[in-house]
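Beneath this line is the structure, given in structure tokens, with notes to follow.
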Amino acid sequence: MVLWFKGRYPQIPGWGCPFRGITGIPGPGCYLTRATSAALTGDLHRALEFHLFGPVLAAVLLSWSVMALCKRRFIPVRFRLAPISIVASAFALYWLLRLVLSYGFGVVGSPGFPAPG
């Protein structure tokens, strides 16, 4: 609900990325909240411009919510290490790709980091 609301009203202030605040470099999750918000409001093009994992996370959150409601449990599934490791590795590789494209080749926008502002 909060992500959908933030997607409809992006001017609402929020927390910045602590990694970026300390290092000046966008972290792996930078723009992920904006991407997920855009995906939840139906703007997939904008979501993909912010972060490739945004629509994926939106789908996971929606399905998690439905499963939790159906099973009446906050954690409706058991976690396995292998899928989590694969997703974490893909997330880290995507972040490294974005860093190389944005800072190494000056790419602004997808697949690099969006323009500031």
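Only this structure's heavy atoms are used, side chains among them; waters, hydrogens and symmetry mates stay out.
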Side-chain heavy-atom pair Pro55, Leu48 within 4.5 angstrom cut-off: yes
Spacing of OG belonging to Ser110 relative to CG belonging to Leu52, to within rounding of 0.5 Å: 7.5 Å
Mutual orientation of the aromatic rings belonging to Phe53 and Tyr94 [parallel < 30°, tilted 30-60°, perpendicular > 60°]: tilted
Plane angle bin for Phe79 and Trp64 - parallel if under 30°, tilted between 30 and 60°, otherwise perpendicular: parallel
Criterion ring pair (Phe, Tyr, Trp, His ring centres under 6.0 Å) on Phe113 and His51, from CA distance to verdict: CA-CA 8 Å; Phe113 290 105; His51 201 290; 8.3 Å; no
Gap separating the CG atom of Leu32 from the OG atom of Ser37, nearest 0.5 angstrom: 9.5 Å
Expected output: side-chain Trp95 to main-chain Pro26 donor-acceptor under 3.5 Å: yes
Side chain proximity check, Leu62 to Val66, heavy atoms < 4.5 angstrom: no
Approximate separation, where rounding is to 0.5 Å, of Leu57 CG and Phe91 CZ: 8.5 Å
Aromatic contact, His45 with Phe50 (centres under 6.0 Å): no
Working for side-chain contact (heavy atoms from CB on, under 4.5 Å), residues Val77 and Met67: CA-CA 8 Å; Val77 295; Met67 286 190 306; 3.8 Å; yes
Separation of Asp43 CG from Arg34 CZ (nearest 0.5 Å): 14.0 Å
Ile75 with Val60, same ILVMFWY side-chain cluster at under 4.5 Å: no
Heavy-atom side-chain proximity of Arg46 to Pro114 below 4.5 angstrom: no
Shared hydrophobic cluster for Val107 and Tyr103 (ILVMFWY, side-chain gaps under 4.5 Å): no
Any Val87 side-chain heavy atom under 4.5 Å of Val56 side chain: no
Inter-residue atom distance Ser102.OG - Leu97.CG, 0.5 Å rounding: 8.5 Å
Nearest heavy atoms of Ala47 and Ala39, plus distance in Å: CB-N, 3.7 Å
